[in-house]
Structure formats: structure tokens, C-alpha cells
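Numbering of residues begins at 1 and proceeds along the displayed sequence.
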Amino acid sequence: MPEHVPILQLMGVAVLTLATVIWVVGLSRLLRRARAGAAVRHHGQVLRALPRQRRSGPVSESVELTPEERAAFAGLVRQFSDSRP
């Protein structure tokens, strides 16, 4: 034991070292448990954090176009397709 180091300073280093060892052991056990839990989870099991997904999409809406509107739309499509490189 060094003579120039106070006993409280040596105790502080020992306490910090012990706290570090306890933290590392606890963290490794937590990670190991999480990894084991992930391996047990089945493929079809639903995650609770995600909302339920709908099986079907939204209702499709359609509007009948007049011949003039169809011609205008076709002109826009040609204009956009011609401007592409």
C-alpha cells in the first residue's frame, strides 16, 4: 500500500472498481437474457409494440372522365414522357 495515498482515496477506487464489475456482470446477463428471448420468439408471433395491420387496402375510388378530360390526360402523359431523357 503506497504511503502517500490516503485510505479514503484507496477505498474510493475499490468502490468504483466493484461498482464497475457489478455493472458489467449485470449488463452481460441482461444482454444474454434478451438474446435468449429473441431466439425463443416464433416467426409468426406478433410484436406488441406494433399496431395491427389491415389485411386489405383502402377502398378504391374511381371517377368517369369525359372524352375531353381523357384527351387532356393523354396529352399530359405524352408531354411528361417526351421530356424524360
Side-chain angles (χ1 to χ4, degrees):
M1 185 162 110
E3 297 174 3
H4 63 281
V5 179
I7 188 76
L8 288 177
Q9 194 172 11
L10 286 175
M11 285 176 47
V13 169
V15 167
L16 286 176
T17 304
L18 181 65
T20 302
V21 168
I22 291 172
W23 181 78
V24 167
V25 168
L27 183 63
S28 65
R29 293 180 84 189
L30 180 71
L31 291 175
R32 192 176 319 130
R33 188 179 305 144
R35 193 176 323 127
V40 172
R41 184 180 304 136
H42 297 290
H43 178 67
Q45 190 175 10
V46 178
L47 296 176
R48 291 176 291 180
L50 297 175
R52 292 209 177 266
Q53 302 294 313
R54 292 190 295 182
R55 294 283 181 203
S56 63
V59 177
S60 161
E61 295 181 12
S62 64
V63 176
E64 289 296 322
L65 298 177
T66 63
E68 295 83 22
E69 291 172 331
R70 285 186 189 178
F73 183 72
L76 281 175
V77 169
R78 277 193 300 274
Q79 182 182 357
F80 288 139
S81 64
D82 291 342
S83 66
R84 286 190 140 177

For residues Leu65 and Val77: do they belong to one hydrophobic cluster (side chain heavy atoms under 4.5 Å, members Ile, Leu, Val, Met, Phe, Trp, Tyr)? no

Which heavy atom of Arg70 sits nearest a heavy atom of Glu64, and at what distance? NH2-OE1, 3.9 Å

Between side-chain atoms of residues 10-20 and protein atoms elsewhere (two or more places apart, or another chain), which donor-acceptor pairs fall under 3.5 Å?
unit_1	atom_1	unit_2	atom_2	d
Thr17	OG1	Val13	O	2.8
Thr20	OG1	Leu16	O	2.8

What residues, two or more places apart in sequence or in another chain, satisfy salt bridge (charged side-chain N to carboxylate O under 4.0 Å, His left out) together with Glu61? none

If you group Ile, Leu, Val, Met, Phe, Trp and Tyr by side-chain heavy-atom gaps below 4.5 Å, do Val24 and Leu27 land in one group? yes

